Amino acid sequence: MTYSGVVTVGGPADVHELRDLMISKVAVGPMNNNAYLLRCRATDEQLLIDAANDAGTLLTLIGDDGIASVVTTHQHGDHWQALAEVVTATGARTYTGRDDADGIPVPTDVPVQDGDTIWVGHVELTARHLVGHTPGSIALVYDDPHGHPHVFTGDCLFPGGVGNTRKDAKAFASLIHDVETKIFDALPDETWVYPGHGDDTTLGAERPHLPEWHARGW
C-alpha cells in the first residue's frame with residue numbers, strides 16, 4: 001500500500017516504508033494527535049515520537065519488541081497524556097527539548113538542544129530547536145541517504161502554516177524565523193513533513209506560501 005499519511009483516531013496505522021527506516025503513524029486522543037513509531041530496519045530498535053494519548057493503542061503499535069526511546073516534541077499536555085504509562089511499560093529513555101522539560105510531568109532523561117543527534121538503531125535523527133509555539137519545541141530531521149529528507153515537526157509546522165503562537169507577535173516572529181532558517185532554508189522541496197496533528201505535507205507544497213504567512217502574522 002502507498003503511504004498517504006491520512007489516519008483517523010481508532011483507525012489503523014499508516015506505514016511509510018523507507019530502505020533503512022519504517023515509520024508508522026497513528027492518530028490518538030480527542031485532539032487528533034499524531035504519534036509516530038520509528039523502527040530501524042537493521043536493528044529493529046524502535047523510537048516513539050509523542051506518546052500523546054491512548055496508551056493502549058500506542059503499546060499495541062509498539063508490540064513485544066518495545067521501544068528504546070520516546071521523544072516528546074513539546075510541553076503541551078495533549079502531546080504527553082500517555083507518556084507515563086508508555087515509559088512504565090517499556091522502560092524507554094525520555095527525550096524532550098531542554099527548555100520544555102520542566103513543563104512535562106514525566107522526568108526527561110535526555111534534555112535536547114539544537115543540533116543534537118538522537119539515534120534509533122543505526123538511523124540518525126537531528127534535533128532542531130524551534131522557538132515560538134513553546135520555548136523548547138523540537139523537530140526531528142531524518143536525512144535519508146537513499147532519498148529525500150523527512151522531518152517530524154510537532155506543532156511548529158503544518159499544512160497551511162506554522163503552529164499557534166496565540167497572537168503573540170514576538171512568538172510568531174521567532175517561530176517563523178526558526179522554521180524558515182532551520183527547516184525551509186536547510187532542506188529541499190521534496191522533504192516530507194510529519195506534523196503533530198492532521199495530514200502530512202512537503203516543504204515544496206508549503207514554501208510558496210511563506211510570504212502569506214508573514215503577512216497574516218500566524
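Only a predicted model underlies this, so the values are computations on that prediction, with no experimental measurement involved. What you see below is based on every heavy atom in this structure, not just the backbone, and it leaves out hydrogens, waters and symmetry mates.
Defined by atom type and a distance below 3.5 Å, a donor-acceptor pair is present between the side-chain atoms of His209 and Glu212. Side chain to side chain, Ser4 and Asp14 meet the donor-acceptor criterion of an N or O pair below 3.5 Å. Side-chain atoms of Thr134 and Gln75 form no donor-acceptor pair, as typed in the model, at a separation below 3.5 Å. No side-chain N or O of Thr60 forms a donor-acceptor pair with one of Thr57 less than 3.5 Å apart.
Nearest heavy-atom pair across Val7 and Pro12 is CG1-O, 4.0 Å. In terms of heavy-atom proximity, Asp99 sits nearest to Pro135 at CB-O, 3.8 Å. Taking all atoms of both residues into account, the shortest heavy-atom contact from Gly132 to Ser174 is N-OG, 4.4 Å.
Residues forming a ring pair (Phe, Tyr, Trp, His ring centres under 6.0 Å) with His129 (at least two apart in sequence, or on another chain): none. For Thr43, the side chain to side chain contact (heavy atoms under 4.5 Å, CB included) criterion is met by Cys40, Glu45, His122, not counting sequence neighbours. Applying the side chain to side chain contact (heavy atoms under 4.5 Å, CB included) test to Gln81 and every residue at least two apart in sequence or in another chain returns Asn53. Residues forming a side-chain hydrogen bond (donor to acceptor under 3.5 Å, both in side chains) with Thr94 (at least two apart in sequence, or on another chain): Asp109. In terms of the side-chain hydrogen bond (donor to acceptor under 3.5 Å, both in side chains) criterion, residue partners of Asn34 (sequence neighbours excluded) are, by chain and number, Tyr36.
Side-chain atoms of Thr88 come within 3.5 Å of backbone atoms of Ala84 as a donor-acceptor pair (strictly under, hydrogens ignored). Listed for the Glu180 side chain is no donor-acceptor partner under 3.5 Å among the backbone atoms of Asp185. Proximity of a side-chain donor or acceptor of Asp50 to a complementary backbone N or O of Thr73 within less than 3.5 Å is detected. Remark: side-chain polar atoms of Thr153 are not paired, donor with acceptor, to backbone N or O of Cys156 under 3.5 angstrom. Remark: the backbone N or O of Gly136 is paired with a side-chain donor or acceptor of Asp100 at under 3.5 angstrom. Checked by atom type and distance alone, the side chain of Thr96 pairs as donor or acceptor with a backbone atom of Thr72 at under 3.5 Å. Asp155 places no side-chain N or O within donor-acceptor distance of the main-chain N or O of Gly163, the cut-off being under 3.5 Å. A side-chain donor-acceptor contact under 3.5 Å links Thr202 to the backbone of Ala205.
With contacts defined as side-chain heavy-atom distances shorter than 4.5 Å, the pair Thr181/His177 qualifies. No side-chain heavy atom of Ile118 sits under 4.5 Å from any side-chain heavy atom of Thr126. Put simply, the side chain of Asp189 reaches to within 4.5 Å of the side chain of Arg207, judged on heavy atoms. Side-chain contact between Tyr142 and Leu21: present, with at least one pair of heavy atoms (C-beta onward) separated by less than 4.5 Å.
Heavy atoms from other residues, nucleotides or ligands lying under 6.0 Å from CE of Met31 number 12 at most. Within a 6.0 Å sphere centred on NE2 of His214, heavy atoms belonging to other residues, nucleotides or ligands number more than 12.
Using cut-offs of 30° and 60° for the angle between ring planes, the His150 and His16 rings count as perpendicular. Using the six-membered ring where Trp is involved, His76 and His74 have ring planes that are perpendicular, over 60° apart on the 30 and 60° scheme.
Going from atom CG of Leu125 over to atom CG of Leu47 covers 6.5 Å, rounded to the nearest 0.5 Å. We find the CZ-CD1 distance between Phe152 and Ile49 to be 4.5 Å, quoted to the nearest 0.5 Å. Rounding to the nearest 0.5 Å gives a distance of 14.0 Å between CG of Asp178 and NE2 of His133.
Residues Val26, Val28, Leu37, Leu48, Leu58, Leu59, Leu61, Ile67, Val70, Trp80, Leu83, Val86, Val87, Ile104, Val106 make up the rest of the hydrophobic cluster containing Ile62, defined by ILVMFWY side-chain heavy atoms closer than 4.5 Å, directly or through other members. Other members of a hydrophobic cluster containing Phe158 are absent, since no ILVMFWY side chain comes under 4.5 Å of it, directly or through relayed contacts. Taking a 4.5 Å side-chain heavy-atom cut-off between Ile, Leu, Val, Met, Phe, Trp and Tyr, the cluster of Val179 extends to Leu130, Val141, Val151, Leu157, Val162, Phe172, Leu175, Ile176, Ile183, Phe184, Leu187, Val193, Leu203, Leu210, Trp213.
The list of salt bridge (charged side-chain N to carboxylate O under 4.0 Å, His left out) pairs with a residue in residues 157-168, not counting sequence neighbours, is empty. Among residue pairs with one or both ends in residues 111-139, those qualifying as salt bridge (charged side-chain N to carboxylate O under 4.0 Å, His left out) are Asp114-Arg128, Asp114-Lys182; sequence neighbours excluded. Residue pairs meeting the salt bridge (charged side-chain N to carboxylate O under 4.0 Å, His left out) criterion with at least one partner in residues 19-31, sequence neighbours excluded, are Lys25-Asp200. Identified under the salt bridge (charged side-chain N to carboxylate O under 4.0 Å, His left out) test for residues 29-43, with sequence neighbours left out: Glu17-Arg41, Arg39-Asp44, Arg39-Asp65.
Note: His79 and His197 meet the aromatic proximity criterion, with ring centroids under 6.0 Å apart.
The hydrophobic cluster containing Leu38 also contains Leu18, counting ILVMFWY residues as joined when their side-chain heavy atoms lie under 4.5 angstrom apart, directly or transitively. If you chain together hydrophobic residues whose side chains sit under 4.5 Å apart, Leu140 and Val110 fall into the same group.
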